[in-house]
Peer 1: 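The structure follows.
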Amino acid sequence: MRSGLTVIFSVILVFLAAGGIGWLVSMFNSLIQVKNNIGKAWKNIDVLLLQRNEELPKLIDLCKAYMKYEEDVLRSLTTLRLAFGNARSVLAKTNIENQMRERMAALFGVGERHPELKANQLYLKLQERIADLESMIADRRVFFNDTVAIYNIQIEQVPQMYFAWLLRYKPHPYLKLPGIAGGKS
């Protein structure tokens, strides 16, 4: 009788241990998945950002003649464009993109202050192309920010936060949306 209870008790312990290990593995895998989803969501945006960054030098060159007193906007956009091209991590590209968005708003403001520039067909064509790219980026930005939100929530919840701490996962920044403070979707 005693050996029968020992076997039953041992089987129960094995099932509990296996369940606990399975639960820990599941939590770990969930954290890895949400982290990798940020990279996947970023790639959807990255293609469009690269296209936009190829169009920007044309627009900048066209605006230079009209912007003698606003050279800091042109200089900072050029610097950010190069930094974006050299950035390797999603985190670095996210931060650069947020800065670039602010400077682009200033660049488009030039057209408003210079009617002769707004009448230039090349300027209008470039502005339209970049506006189209911005619209596509905005669609993908919502998905990216949703992915970042899921990741940030998971790394802050108990007990996942302990795994996140061990893996040195940090909260990821959102891509800012135009006109919305804080940048969350």
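Nothing fancy with the numbering, it's 1 onward along the sequence.
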Peer 1: Looking at Tyr169, I'd like to know if the NZ or CZ of Lys35 sits under 6.0 Å from its six-membered ring centre while staying within 45 degrees of the ring's axis.
Peer 2: yes
Peer 1: Does any non-hydrogen side-chain atom of Asn98 lie less than 4.5 Å from one of Glu102?
Peer 2: no
Peer 1: State whether the side chain of Asn37 and the backbone N or O of Thr147 hold a donor-acceptor pair below 3.5 Å, judged by distance alone.
Peer 2: no
Peer 1: Hey, what else clusters with Tyr162 if you join Ile, Leu, Val, Met, Phe, Trp, Tyr whenever side-chain heavy atoms sit under 4.5 Å?
Peer 2: Val158, Met161
Peer 1: Should Leu24 and Leu16 be regarded as members of a common hydrophobic cluster, given that ILVMFWY residues are connected when their side-chain heavy atoms come within less than 4.5 Å of each other, either directly or indirectly?
Peer 2: no
Peer 1: Taking the side chain as every heavy atom from C-beta outward, state whether Ile38 and Phe144 have any atom pair closer than 4.5 Å.
Peer 2: yes
Peer 1: To the nearest 0.5 Å, how far apart are CZ in Arg140 and NZ in Lys43?
Peer 2: 14.5 Å
Peer 1: Hydrophobic clusters here meaning ILVMFWY residues chained together by side-chain heavy-atom distances under 4.5 Å, can you tell me if Val14 and Trp23 are in one?
Peer 2: no
Peer 1: In terms of relative ring orientation, are Trp42 and Phe84 parallel, tilted or perpendicular, with 30° and 60° separating the classes?
Peer 2: tilted
Peer 1: Treating Ile, Leu, Val, Met, Phe, Trp and Tyr as nodes and any side-chain heavy-atom pair under 4.5 angstrom as an edge, say whether Leu82 and Leu80 lie in one connected cluster.
Peer 2: no
Peer 1: If you group Ile, Leu, Val, Met, Phe, Trp and Tyr by side-chain heavy-atom gaps below 4.5 Å, do Leu133 and Val47 land in one group?
Peer 2: no
Peer 1: Would you check if there is a donor-acceptor pair between the side chains of Gln160 and Ser30 at a distance under 3.5 Å?
Peer 2: no
Peer 1: If every non-hydrogen atom of Leu167 is compared with every non-hydrogen atom of Phe28, which pair is closest and at what distance?
Peer 2: CD1-CE1, 3.7 Å
Peer 1: Below 4.5 Å, heavy atoms only, C-beta onward: do Asn152 and Tyr174 meet side chain to side chain?
Peer 2: yes
Peer 1: Is the shortest distance from a Lys or Arg side-chain nitrogen in Glu97 or Lys176 to a carboxylate oxygen in the other one below 4.0 Å?
Peer 2: no
Peer 1: List in chain and number order the residues that pass side chain to side chain contact (heavy atoms under 4.5 Å, CB included) with Ala92, two or more places apart in sequence or in another chain; answer none if no residue qualifies.
Peer 2: Ala87, Ser89
Peer 1: Taking C-beta and beyond as the side chain, do Arg101 and Arg141 meet within less than 4.5 Å on heavy atoms?
Peer 2: yes
Peer 1: Can you name the nearest heavy-atom pair linking Ile155 to Ala164, along with the distance?
Peer 2: CB-CB, 3.7 Å
Peer 1: Does a side-chain N-to-carboxylate-O contact under 4.0 Å join Lys125 and Glu128?
Peer 2: no
Peer 1: First locate atom CZ of Arg52, then atom CG of Leu59, and finally report the distance between them rounded to the nearest 0.5 Å.
Peer 2: 11.5 Å
Peer 1: Do NZ/NE/NH1/NH2 and the carboxylate oxygens of Glu54 and Arg129 come within less than 4.0 Å?
Peer 2: no
Peer 1: Does Leu50 share a hydrophobic cluster with Ile45, counting links as ILVMFWY side-chain heavy atoms below 4.5 Å and allowing steps through other members?
Peer 2: yes
Peer 1: What distance separates Ile137 CD1 from Asn44 CG, expressed to the nearest 0.5 Å?
Peer 2: 12.0 Å
Peer 1: Taking atom OG1 of Thr79 and atom CE of Met100, what is their separation to the nearest 0.5 Å?
Peer 2: 9.5 Å
Peer 1: Which atoms form the tightest heavy-atom contact between His172 and Val148, and what is the distance?
Peer 2: O-CG1, 3.3 Å
Peer 1: To the nearest 0.5 Å, how far apart are CG in Leu126 and CG in Leu56?
Peer 2: 9.5 Å
Peer 1: Mind checking what makes side chain to side chain donor-acceptor pair (under 3.5 Å) contact with Lys93, not counting sequence neighbours?
Peer 2: Asp46
Peer 1: Which atom pair, heavy atoms only, marks the closest approach of Pro173 to Leu91?
Peer 2: CD-CD1, 3.0 Å
Peer 1: To the nearest 0.5 Å, what is the distance between CE on Met27 and CD1 on Ile32?
Peer 2: 12.5 Å
Peer 1: Please find the pair of heavy atoms, one from Phe143 and one from Ala41, that lie closest to each other, and give the distance.
Peer 2: CE2-CB, 3.6 Å
Peer 1: Between the side chain of Arg81 and the main-chain N/O of Asn53, is any donor-acceptor distance below 3.5 Å?
Peer 2: yes
